[in-house]
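Step one of this worksheet: look at the structure below.
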Amino acid sequence: LSGGLDSAVALAICQSEGYAAHALTIDYGQRHHWEIEAARRVAQAAGVKRHIVLNVDLTAWGGSALTQDLTVPTHRNADAMGQGIPITYVPGRNTIFLSLAMAWAETLETGHLFIGAHALDYSGYPDCRPDYFHAYEQMANLATKSGVEGNAGWQIHTPLIDMTKADIIRRGEALGVPFALTVSCYQPREDKLDFPPLACGICDSCIIRRRAFDAAGVDDPIEYAIAPE
């Protein structure tokens with residue numbers, strides 16, 4: 001549960017399918033603390049059974065604009081966003097996160113993991129592809145006691161994987177997801193002390209978010225410092 005709108009919708013879908021949700025948020029040293037606070041508020045609003053915020057400092061080696069002092073791309077159009085893997089990619093992030101979630105899930109005696117990844121996003125993150133999650137399931141069944149001794153095996157649920165961003169917003173709207181509590185911006189204004197923060201409006205994530213809300217015909221409840229292009 002990252003604090004962004006995708007994971008908030010994935011959580012709502014998880015609960016709508018009858019699962020008792022436990023939510024894991026990773027404080028990995030990302031550029032701002034706002035998404036951690038957003039995750040806390042989303043988890044509380046959803047009434048999850050337990051929410052853990054785990055500290056795993058990925059700034060130790062950096063390698064991303066989200067974990068070191070690198071410039072976040074701004075004012076990019078869809079074509080530019082679709083070229084290559086962006087500098088906001090965090091090396092190994094989903095693999096690290098899923099491994100931690102898998103370890104906790106094993107203690108809960110469940111093989112069900114939900115993650116809000118989707119393959120149709122503009123940003124070409126390699127760890128958001130269906131083939132990756134299929135391979136991870138195979139690894140989990142080889143690497144864990146529950147995978148070796150259990151009967152059901154591991155299942156990574158990616159309910160958003162084939163949705164467009166607009167489809168995700170429509171599904172979240174239908175499920176009552178509190179989008180006003182979510183934070184998508186890569187560089188929200190740090191001079192605002194109360195929640196929610198003011199989104200920059202010009203980073204890739206802000207532009208993708210606002211265009212998706214427009215395409216979905218849903219009002220985006222957050223505020224932007226600059227209206228997204």
Do Ile13 and Val218 share a hydrophobic cluster, counting only Ile, Leu, Val, Met, Phe, Trp and Tyr and linking them when any side-chain heavy atoms are less than 4.5 Å apart?
yes
CG/Asn94 to OH/Tyr136 distance, rounded to the nearest 0.5 angstrom?
10.0 Å
With clusters built from Ile, Leu, Val, Met, Phe, Trp and Tyr whose side-chain heavy atoms come within less than 4.5 Å, directly or transitively, what are the remaining members of the cluster of Phe114, listed by chain and number?
Tyr19
Any side-chain to backbone donor/acceptor pair from Arg129 onto Pro126? Under 3.5 Å, distance only.
yes
Just checking Gln44: does its CD atom have more than 12 heavy atoms from other residues, nucleotides or ligands closer to it than 6.0 angstrom?
no
Cluster check Met163, Phe179: I/L/V/M/F/W/Y, side chain < 4.5 angstrom
yes
Hits for side chain to side chain contact (heavy atoms under 4.5 Å, CB included) against Ala225, two or more places apart or cross-chain, chain-then-number order -> Arg189, Leu198
Evaluate the side-chain contact (heavy atoms from CB on, under 4.5 Å) criterion for residues Met102 and Ile156: first the C-alpha distance (whole Å), next the side-chain angles of each, then the deciding distance (0.1 Å), finally the verdict.
CA-CA 10 Å; Met102 179 181 67; Ile156 300 177; over 6 Å; no
Can you establish whether the number of heavy atoms outside Asn55 located under 6.0 Å from its atom CG is more than 12?
yes
With rounding to the nearest 0.5 Å, note down the distance linking CD1 in Ile36 to CG in Leu1.
9.5 Å
Side chains of Glu35 and Thr25: does their closest heavy-atom pair fall under 4.5 Å?
no
Residue set satisfying side chain to side chain contact (heavy atoms under 4.5 Å, CB included) with Glu106, at least two apart, ordered chain then number -> Thr144, Lys145, Ser146, Trp154
Are the side chain of Asp220 and the backbone of Ile222 linked by a donor-acceptor contact shorter than 3.5 Å?
yes
On a heavy-atom basis, which atom in Pro178 and which in Ala45 lie closest, and how many Å separate them?
CG-CB, 4.3 Å
Does Tyr28 use its side chain to pair, donor to acceptor, with the backbone of Phe97 at less than 3.5 Å?
no
Shortest non-hydrogen contact from Ala38 toward Val183
CB-CG2, 3.7 Å
Value for CG (Leu181) from CZ (Arg40), rounded to nearest 0.5 Å, stands at 14.0 Å
I would like to know whether Tyr132 and Thr158 meet side-chain contact (heavy atoms from CB on, under 4.5 Å); could you show each step before the answer?
CA-CA 11 Å; Tyr132 163 76; Thr158 54; over 6 Å; no
Calculate, to the nearest 0.5 Å, the distance between atoms SG and NE2 belonging to Cys14 and His22 respectively.
10.5 Å
Output for pair (His118 NE2, Ile168 CD1), nearest 0.5 Å, gives 4.0 Å
Donor-acceptor pair, side chain of Ser205 and main chain of Ser184, under 3.5 angstrom:
yes
Looking at every heavy atom in both Pro196 and Ala180, which two are closest together, and how far apart are they?
CB-O, 4.3 Å
Find out if a path of hydrophobic residues (ILVMFWY) with successive side-chain heavy-atom gaps under 4.5 Å connects Val53 to Trp34.
no
Between Asp127 and Arg93 (salt bridge meaning N to carboxylate O under 4.0 Å), is one present in this structure?
no
Identify the heavy atoms of Pro197 and Pro188 that sit nearest to each other, and give their distance.
CB-CB, 3.8 Å
Heavy atoms only: give me the nearest Phe133-Ala117 pair and the separation to one decimal.
CZ-CB, 3.5 Å
Kindly determine whether Gln15 and Leu175 satisfy side-chain contact (heavy atoms from CB on, under 4.5 Å), including the steps that lead there.
CA-CA 10 Å; Gln15 293 178 310; Leu175 291 172; over 6 Å; no
Gap separating the CZ atom of Arg209 from the SG atom of Cys203, nearest 0.5 angstrom
10.5 Å
Inter- and intrachain pairs under side-chain hydrogen bond (donor to acceptor under 3.5 Å, both in side chains), touching residues 168-181, at least two apart:
Asp167-Arg170
Consider side chain to side chain contact (heavy atoms under 4.5 Å, CB included). Of Ile161, Leu98, Leu160, which one does Ile115 pass it with?
Leu98
With sequence neighbours left out, the residues meeting side chain to side chain contact (heavy atoms under 4.5 Å, CB included) with Leu54 are Leu24, Ile26, Ile52, Val56, Leu100
Set of side chain to side chain contact (heavy atoms under 4.5 Å, CB included) partners for Gln155, sequence neighbours left out:
His112, Glu137, His157
Heavy atoms only: give me the nearest Gly201-Tyr224 pair and the separation to one decimal.
CA-CD2, 3.5 Å
Worked check of side-chain contact (heavy atoms from CB on, under 4.5 Å) between His33 and Asp27:
CA-CA 8 Å; His33 65 282; Asp27 184 348; over 6 Å; no
